Structure formats: C-alpha cells, structure tokens
Amino acid sequence: MEINAVLDGYFQAWNEAFQSKNGDTIRRYMSKDFVGYWAHSKLTISDQYDYSYDVEGVLEQYDDGLKSFEPYSITERQGGENILITGRETSIVNGKPHYAQCMFIWRKEAEEWKLLKEYIELET
C-alpha cells in the first residue's frame, strides 16, 4: 500500500475512534516498537509514550474530534523500508482547532507500513 493511503487510513482511524472511543484500529497502524513524543511551547521536556499507552483514555477526554494531516515532505530511507514524513496536523477538538508540527517514522513490517515513531509539537 502506498504511504499516502496509509496516512489517510491512520487519520481516518483516529476520526472513527473519536466517535467510538475504541483505539484498536489506531493501534493496528502502530509497530509494537512504537514510541511517541508530544510537547508544546511551555514544556521543556517532551512527554514520551509507547505502544501500550492508554489511547482510550485520550479519546475519552474529548466529546468529539477530527484530525487531518498535510504532509510537507516524504523521504524514503533504508532502501524504501523506512519513511520519514513531516507535516502539519490539524485537530478539531470540541469545535476548536489545534495545530501541530509533526514528524512520523513509518517502517515496513511483514509487508505492512507500521508507525515506528512520532514527534508532535503543538504550535501553541
């Protein structure tokens, strides 16, 4: 599957999970080795999380949400087995937009693209 279709599917999984409050579909896109970093301008150290983080707990914090992603660059690495993507995420949460600069690392695992790492920095 082409990486743009994978990205679309990943963000669609988030949008469906905002409604269902079930994170299983999101986790299907993640590597078991997944690690993520999340921060904003007032944090000096990013929050770190991994594959086992409480996705449902995050989803329960919001009555509704909608995510989209605009890629700025897509760079193949390791002979196309690893892809680095940078871009801007827009999250509409409870009617209010939130913007973040993101970097995602996707890795080919058993012929499927899996999210290996993500770095999310809120613009606020």
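Predicted model only: the values in this text are computed from it and were never measured. The chain is numbered in sequence order, starting from 1.
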Item to check | Which residues share a salt bridge (Lys or Arg N to Asp or Glu O under 4.0 Å) with E109, sequence neighbours left out | outcome: R107
Checklist entry - M103, Y49: one ILVMFWY side-chain cluster at the under-4.5 Å cut-off? => result no
Item to check | Straight-line distance of I120 CD1 to S46 OG, nearest 0.5 Å | outcome: 10.5 Å
Checklist entry - Do any N or O atoms from the side chain of D64 and from the backbone of F18 form a donor-acceptor pair under 3.5 angstrom? => result no
Checklist outcome for this item: Of all heavy-atom pairs linking G23 and V55, the shortest is CA-CG1, 3.9 Å
Item to check | Under 3.5 Å: donor-acceptor pair, side chain of S41, backbone of T124 | outcome: yes
Next on the checklist: Same cluster or not: F11 versus L122, using hydrophobic residues (I, L, V, M, F, W, Y) connected whenever any side-chain heavy atoms lie under 4.5 Å apart?
Outcome noted: yes
Checklist entry - When you look at R27 and E56, which way does the salt bridge (Lys or Arg N to Asp or Glu O under 4.0 Å) test go after all the steps? => result CA-CA 11 Å; R27 271 194 208 85; E56 285 79 10; 3.0 Å; yes
Item to check | Backbone of Y37 reached by a side-chain donor or acceptor of D47 within 3.5 Å | outcome: no
Next on the checklist: Strictly distance-based, threshold 3.5 Å: is any side-chain N or O of K96 a donor or acceptor partner for the main-chain N or O of S91?
Outcome noted: no
Next on the checklist: In this structure, is the centre-to-centre distance between the rings of F104 and W113 below 6.0 Å?
Outcome noted: no
Item to check | W38 versus L43, closest heavy-atom pair with distance | outcome: CZ3-CD1, 4.0 Å
Checklist entry - Which atom pair, heavy atoms only, marks the closest approach of S31 to Y51? => result O-CD1, 3.3 Å
Checklist entry - Would you call W106 and I85 a side-chain contact if the rule is heavy atoms closer than 4.5 Å? => result yes
Checklist entry - Nearest 0.5 Å, what's the NZ-OG distance between K32 and S52? => result 11.0 Å
Next on the checklist: Counting only heavy atoms from other residues, nucleotides and ligands, does the tally under 6.0 Å from NZ of K21 exceed 12?
Outcome noted: yes
Next on the checklist: Using 0.5 Å steps for rounding, measure from the CD atom of E81 to the CD atom of E76.
Outcome noted: 9.5 Å
Checklist entry - Who pairs with D50 by salt bridge (Lys or Arg N to Asp or Glu O under 4.0 Å), at least two apart in sequence or on another chain? => result none
Next on the checklist: On a heavy-atom basis, which atom in A17 and which in N22 lie closest, and how many Å separate them?
Outcome noted: CB-O, 3.3 Å
Item to check | Cluster check Y119, Y29: I/L/V/M/F/W/Y, side chain < 4.5 angstrom | outcome: no
Checklist entry - Short question: side chain of K114, backbone of R28 - any donor-acceptor pair under 3.5 Å? => result yes
Checklist outcome for this item: In this structure, CG of D33 is separated from CG of L115 (nearest 0.5 Å) by 11.5 Å
Checklist entry - Given the rule that I, L, V, M, F, W and Y join up when any side-chain heavy atoms are under 4.5 Å apart, are W14 and L66 in one cluster? => result no
Checklist entry - Just how far is it from atom CD of E70 to atom OG1 of T86, taken to the nearest 0.5 Å? => result 10.5 Å
Item to check | Cationic tip of R88 above Y99 ring, under 6.0 Å, 45° of axis | outcome: yes
Checklist entry - Is there a side-chain contact between I74 and N4, using heavy atoms and a 4.5 Å cut-off? => result yes
Checklist entry - If Ile, Leu, Val, Met, Phe, Trp and Tyr residues are connected whenever their side-chain heavy atoms lie under 4.5 Å apart, and connections chain through other members, are L116 and L84 in the same group? => result yes
Item to check | Straight-line distance of H40 NE2 to H98 NE2, nearest 0.5 Å | outcome: 12.0 Å
Next on the checklist: Any heavy-atom pair between the side chains of I83 and I105 that's under 4.5 Å?
Outcome noted: no
Checklist entry - Does the side chain of I26 reach to within under 4.5 Å of the side chain of Y10, using non-hydrogen atoms? => result yes
Checklist entry - What is the minimum heavy-atom distance between N15 and G65, and which atoms define it? => result OD1-O, 4.3 Å
